Undergrad: 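Take a look at the following structure, please.
Atoms within each ligand, like the ligands themselves, are counted from 1 in listed order. Keep in mind it's a predicted model, so treat the numbers as computed, not measured.
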Amino acid sequence: MDFDVKEISTLIKTRLEGYEFEAQGDEVGLVLESADGIARIGGLPNAMIGEMIEFESKIFGIVFNLETDEVVVIILGKKTDVRAGSWAKCTARIMQVPVGNALLGRIVNAIGDPIDGKGPVNTEKFRAVECKVPGVIDRLPVSVPLQTGYKVVDGLIPIGRGQRELIIGDRQTGKTTLALDAIINQKDTGVLCIYVAIGKKSASIVEVAEILRVNGAMDYTIIVDASADDPASMQYLAPYSGTAMAEEFMHTYQKDVLVIYDDLTKHANAYRMISLLLKRPPGREAFPGDIFYLHARLLERSARLSKELGGGSITSFPIIETQKGDISTYVPTNVISITDGQIFLQSDLFYSGFRPAINAGISVSRVGGMAQIEAIRKLSGKLRLELARYKEKESFTAFASELDEETQKQLKRGKILVEILKQDKHKPIPVEEQVVNIYLATSGILEDLEIHDIKAAETFIMTSVRTKHADIFDTIRSTHKLTKETEEQMVKVIKEAISAFQIKKA
Ligand code: ATP
Ligand code: MG
């Protein structure tokens with residue numbers, strides 16, 4: 001049958017004329033079926049997509065599908081909480097979560113209920129889990145650094161406030177540790193943090209909370225946990241809830257916020273499960289067609305607001321787990337294209353003892369360079385070059401038995417560089433100390449030391465500068481610059497410390 005497009009659109013227009021939509025908060029329907037965390041409800045003709053539905057058992061659900069005679073709702077609770085035959089009510093609201101300062105230091109679930117056994121969260125304020133994002137005019141470019149405390153990251157892959165930086169790598173390569181250390185490093189900076197855990201074991205959340213607490217980071221952090229035992233609906237919702245909490249700090253309190261999504265691979269899997277249960281057509285790798293939109297609409301909420309809007313920001317670190325380092329599968333490629341850069345963590349580097357196991361050669365930060373402080377920027381070009389040169393020489397000379405003196409010297413310099421870049425977990429280094437540290441790595445000043453002494457020498461030198469010449473750090477911290485004078489003073493102090501180290505060793 002041939003349709004006349006014009007005719008159809010005229011028909012629709014006349015039908016809609018004078019129609020005024022009003023959300024019906026009082027409509028009550030009947031649960032027809034409830035299985036696998038999904039309820040089919042009849043008698044809610046005015047329900048909207050994304051609307052919050054209240055069930056008789058006082059738990060909530062979100063409308064996912066509108067069908068001819070029924071609406072399909074994902075249940076935010078245990079499967080057994082909703083029975084067929086019970087009633088369900090429209091609320092005329094988008095799903096909301098509690099927000100505000102009272103949540104800091106707390107562990108909550110995806111709907112914002114506390115799960116840390118420390119009593120109720122005292123807040124009156126709620127915010128919708130999905131919302132309109134700031135437009136281009138409302139945003140400022142990234143120009144203020146967000147330091148992670150890792151030399152490799154802040155030196156080579158600098159991140160700025162408002163940026164979205166993907167952390168990607170195989171299992172057990174230090175992804176979570178990198179994110180947690182970035183949180184720990186925000187102490188005394190005024191940046192608030194939200195750690196969203198998706199599909200993890202409950203025990204590992206206890207561990208995360210303990211690491212943050214021991215390092216004094218829990219006071220300015222909220223943990224949103226949708227664990228592996230929670231239904232897929234909660235795992236799906238958690239990152240949006242966490243972001244709503246961050247938005248409250250950004251919009252209302254003009255704060256800078258760091259949000260970690262650990263991890264979006266599990267988030268995508270939860271959404272795939274829901275979609276398959278809803279019989280939405282599966283596409284590539286059985287994911288539904290809107291899987292890109294799932295993450296795009298989440299990550300576009302990271303922003304740095306204009307001065308008129310208060311200048312707050314949300315920086316986000318989504319985490320993606322890969323299999324055997326393969327980044328060309330569906331979800332990783334999506335998230336790579338949404339974010340402003342990515343940090344690649346590699347198993348072979350991790351097991352060879354290079355930790356954090358970041359492959360600096362293929363990791364990038366597309367916008368953070370503008371945010372790097374001048375003193376580091378000055379050194380980072382050399383750092384990148386030396387590291388690349390070493391990697392090239394290393395593979396080149398792997399099979400050569402006889403190396404000329406010059407090559408040997410260059411290899412040794414590279415090895416020193418690698419030694420210095422290694423950094424233990426939960427020991428973030430302030431940026432002013434990183435400047436001195438990166439100088440040690442790139443200047444060749446440690447050339448006469450043995451490789452196995454480098455780490456000890458580094459600690460010795462840094463302690464010596466910190467205790468005896470803290471003014472060097474103070475100058476760099478306050479001016480963000482490494483002037484000629486400071487550099488000369490720094491070199492003198494370092495040389496003295498090296499001599500002292502050698503005497504001590506002998
Ligand atoms: P998963 O895939 O299981 O989530 P992951 O990639 O998040 O793992 P982590 O849990 O962060 O990895 O780290 C794996 C192990 O390596 C942990 O025991 C952690 O303590 C250790 N580790 C990570 N980074 C470092 C580091 N820089 N120095 C020393 N140990 C580290
Ligand atoms: Mg992890």
Undergrad: Within a radius of less than 6.0 Å around NZ of Lys455, do more than 12 heavy atoms belonging to other residues, nucleotides or ligands occur?
TA: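 Atom NZ in Lys455 is crowded, with more than 12 foreign heavy atoms closer than 6.0 Å.
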Undergrad: Could you check, using the six-membered ring where one of them is a Trp, whether Tyr271 and His295 have ring centers closer than 6.0 angstrom?
TA: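 No: the rings miss the under 6.0 Å criterion.
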Undergrad: For Tyr293, is the NZ or CZ atom of Arg297 found under 6.0 angstrom from the centre of its six-membered ring and inside 45 degrees of the ring axis?
TA: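 The answer is yes, since Arg297 meets both limits relative to Tyr293.
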Undergrad: If you have a sec, work out which protein heavy atom is nearest atom 6 (O) of ligand 1 and how many Å separate them, to one decimal?
TA: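 For atom 6 (O) of ligand 1, the nearest protein heavy atom is Lys175 NZ, 2.8 Å.
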Undergrad: So how far is it from Gln423 CD to Phe354 CZ, rounded to the nearest 0.5 Å?
TA: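 Reported value, rounded in 0.5 Å steps: 10.0 Å.
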Undergrad: Taking both backbone and side-chain atoms into account, decide whether Thr176 has an N/O/S atom under 2.8 Å from the Mg ion (ligand 2).
TA: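 Checking Thr176: at least one N, O or S atom is under 2.8 Å.
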Undergrad: Please list the nearest protein heavy atom to atom 1 (P) of ligand 1 with its residue and the distance rounded to 0.1 Å.
TA: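 For atom 1 (P) of ligand 1, the nearest protein heavy atom is Gln172 N, 3.6 Å.
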Undergrad: Tell me which protein heavy atom sits closest to atom 4 (O) of ligand 1, plus the residue, atom name and distance to 0.1 Å.
TA: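 Here the nearest protein heavy atom works out to Thr176 OG1, 3.9 Å.
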Undergrad: If we check side chain to side chain contact (heavy atoms under 4.5 Å, CB included) with Phe249, which of these qualifies: Asp256, Leu104, Val99?
TA: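 With Phe249 as partner, side chain to side chain contact (heavy atoms under 4.5 Å, CB included) holds for just one option, Leu104.
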Undergrad: Mind checking the CD1-CG spacing from Ile461 to Leu446? Nearest 0.5 Å is all I need.
TA: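 One finds 5.0 Å between CD1 of Ile461 and CG of Leu446.
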Undergrad: Judged by non-hydrogen atoms, does Pro356 sit under 4.0 Å from ligand 1?
TA: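 Yes.
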Undergrad: Thr173 heavy atoms, cut-off 4.0 Å: which ligand 1 atoms fall inside?
TA: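 Result: 5 (P), 6 (O), 12 (O).
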Undergrad: Show which atoms of ligand 1 fall inside a sub-4.0 Å distance from at least one heavy-atom site of Gln423.
TA: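 With Gln423 as reference, the close atoms of ligand 1 come out as 26 (C), 27 (N), 28 (N).
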Undergrad: Scan Arg366, Arg161, Arg164 and name whichever one has a salt bridge (Lys or Arg N to Asp or Glu O under 4.0 Å) with Asp340.
TA: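 So the option named by the test is Arg164.
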Undergrad: Any N or O on Lys425 sitting closer than 3.5 Å to an N or O of ligand 1?
TA: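 Yes, Lys425 has an N/O under 3.5 Å of an N/O on ligand 1.
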Undergrad: Any nitrogen or oxygen of Phe350 lying under 3.5 Å from a nitrogen or oxygen in ligand 1? Just yes or no.
TA: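 No.
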Undergrad: Can a donor-acceptor pair be found between the side chains of Arg301 and Ser316 at a distance below 3.5 Å?
TA: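 There is no such pair between these side chains.
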Undergrad: Tell me whether atom 19 (C) of ligand 1 lies less than 4.0 Å from at least one protein heavy-atom position.
TA: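 Within 4.0 Å: yes, protein heavy atom nearby.
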Undergrad: Students should be able to answer this: which protein heavy-atom is nearest to atom 9 (P) of ligand 1, and at what distance?
TA: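 For atom 9 (P) of ligand 1, the nearest protein heavy atom is Thr177 OG1, 3.5 Å.
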